[in-house]
Amino acid sequence: MGMFRSLHIHNYRLWFIGALISNVGTWMQRTAQDWLVYDILTDQDAAAMGIVMALQLGPQLFIAPWAGLIADSVDRRKLLMGTQAAMAALGVGLGLLVVLGLAELWHVYAFALALGVVSAIDAPARQAFVSELVRDDYLPNAVALNSASFNGARMFGPAVAGLLTVAVGPGWVFLINAVTFGAMIFVLVTIRQKELRVLNRSAPGRGRIRAGFRYVQQRPDLMMVMFAIFVVGTFGLNFAVYIAAMARTEFGTGAGVFGTLSSIMAVGSVAGALLSARRDRPRLRFVFGAAGAFGFACLLAALAPSVWLFGLALVPVGLFALTLMTSANAYVQTTTVQEMRGRVMALYFAIFLGGTPIGAPIVGWVTNAYGPRWGLVVAAASGFVAAVAGLAWVARSHHVRVRLIHPSPRRLKLTLAATARNTAERNG
């Protein structure tokens, strides 16, 4: 039961159930939106999908400092009620446009941008709010279970969305997603407020945003984790582009297979999240090791000769991607002081998602110009770069060096001398 220990806490259990329902709807909308852009509003234009992703995730880069400060300064429960209601309203608006046959590509761009702004405010508050639901020693487990919920929803949401998109069209999928936000609003209203942890808030005054940046700059371990997350998040985690292009362009299949492939990858994602939930604390070696393994998995997917072998290769892609994301998220949260957590998490998500305006259009262009397999090669390269840079930093921070002892023409003996500057508990 250690894997699910956070579910013994009443408030977190409610949060988990509400998030699972909402996440199913979110994945349904993402799948329907991707297919709407790729196959209905354009002639299989991967670059247009990249632009949608850029608009939806780009605000994280620009709003993050203020979103983090808000999350550190106000009642996060009330803030989340507002952001969830706003996202539900956006789902209704786009859904009605599509159902009525009025939707054009620029409408999707506009709604993606609006959703990106709301999500940028929602993300740091939602991440930091988990620390009000559970104790610090339960926090890594709660973060991992959040990832399991999000990716468990990915197992069902895309497959259902694929079937509904074929049966009734993507507009109704957007409207259903709007209804699922009600689950999170209900949880936030009914949660036991007396059982929420009272955490330190950011003291009022000027310079609080700069203080968040200075805190991260003084933590080279956080800087390195965020570098790895930026590289992989920018060029590696554009799954909607890869899977849609491989399903439609490379293998000639339709929306149903696209949704099924997304669900298959979620199997690996859930496995990665649950394995992370078993660990007592996150370590840097899981972050950088998972980045390298993600690169190898993407190469296997790029070489897959058939659609079902491609689907099979997506399982380790999802597993190592989630191991990387969950380990990095939990490490940043658990090693950051409470009064800085909102701002640091906002910066984390800005770096993680804010690179998408750069990466998604580039990956879309590569996919259009050279084929979807080369798009996956770009993803693989991002994993290798993050792994090499991270492991090199660990070696340097531990003063790892190779020294030659007793040179001999017949036999050379090598010894590895390492002195840790930081503790093994902290730097993995």
Side-chain angles (χ1 to χ4, degrees), residues 27-54 98 101 103-105 108 112 154-174 235-269 294 296-319 321 359-381:
W27 278 112
M28 289 173 61
Q29 172 155 328
R30 286 190 180 186
T31 304
Q33 177 178 279
D34 292 338
W35 201 255
L36 173 70
V37 172
Y38 188 72
D39 201 55
I40 298 176
L41 297 180
T42 70
D43 186 18
Q44 300 176 16
D45 189 350
M49 288 182 63
I51 292 172
V52 171
M53 293 176 65
V98 177
E104 298 180 14
L105 184 59
V108 181
R154 189 193 287 183
M155 294 174 64
F156 304 103
V160 174
L163 295 175
L164 288 176
T165 298
V166 173
V168 297
W172 287 103
V173 179
F174 299 151
F235 298 104
L237 302 184
N238 300 292
F239 296 131
V241 176
Y242 306 140
I243 297 177
M246 288 289 285
R248 186 63 167 169
T249 305
E250 191 70 23
F251 300 119
T253 58
V257 173
F258 170 54
T260 301
L261 288 172
S262 298
S263 297
I264 289 173
M265 188 178 72
V267 174
S269 300
F294 171 77
F296 281 111
C298 286
L299 277 183
L300 289 177
L303 296 173
S306 69
V307 64
W308 299 118
L309 286 176
F310 173 68
L312 184 63
L314 289 178
V315 175
V317 170
L319 188 152
I362 291 174
V363 171
W365 175 81
V366 170
T367 299
N368 283 342
Y370 301 102
R373 295 184 186 275
W374 280 103
L376 280 165
V377 171
V378 173

For Pro372 and Ala245 the tightest heavy-atom approach is CB-CB, 3.7 Å
Take Trp374 and Thr367 through the side chain to side chain contact (heavy atoms under 4.5 Å, CB included) test and state the conclusion after the steps. CA-CA 6 Å; Trp374 280 103; Thr367 299; over 6 Å; no
Sub-3.5 Å donor-acceptor pair from the side chain of Thr165 to the main-chain atoms of Ala32, do we have one? no
Point-to-point distance, once rounded to the nearest 0.5 Å, from CZ of Phe294 to CG of Leu299: 10.0 Å
Side chain to side chain contact (heavy atoms under 4.5 Å, CB included) between Val377 and Val366: does it pass, once the steps are laid out? CA-CA 10 Å; Val377 171; Val366 170; over 6 Å; no
For the CG atom of Asp34 and the CD1 atom of Ile40, what is their distance to the nearest 0.5 Å? 11.5 Å
State whether the side chain of Arg373 and the backbone N or O of Met246 hold a donor-acceptor pair below 3.5 Å, judged by distance alone. no
With sequence neighbours left out, what residues match Tyr242 under side chain to side chain donor-acceptor pair (under 3.5 Å)? none
Once rounded to the nearest 0.5 Å, what's the spacing between atom CZ of Phe296 and atom CG of Leu300? 9.0 Å
Of the non-hydrogen atoms in Val257 and Val307, which two are nearest, and what is the gap between them? CG1-CG2, 4.0 Å
Rounded to the nearest 0.5 Å, how far does CG of Asn368 lie from OG1 of Thr249? 8.0 Å
Side-chain contact test, heavy atoms from C-beta onward, threshold under 4.5 Å: evaluate it for Val98 versus Val173 and give yes or no. no
For a quick test of reading the model, state the closest non-hydrogen atom pair linking Thr253 to Ala247 and the distance between them. OG1-O, 2.6 Å
Taking C-beta and beyond as the side chain, do Leu164 and Trp172 meet within less than 4.5 Å on heavy atoms? no
For Phe251 and Phe310, take the angle between the two ring planes, folded into 0 to 90°, and tell me which bin it lands in: parallel under 30, tilted 30 to 60, perpendicular over 60. tilted
Distance check, rounded to the nearest 0.5 Å: Leu36 atom CG versus Thr42 atom OG1? 9.0 Å
Is Asp45 close to Tyr38 at the side-chain level, that is, under 4.5 Å between some pair of heavy atoms? no
Any chance you could measure Cys298, atom SG, to Leu303, atom CG, to the nearest 0.5 Å? 11.0 Å
Please report the shortest heavy-atom distance between Ala301 and Val317, naming the atom on each side. CB-CG2, 4.4 Å
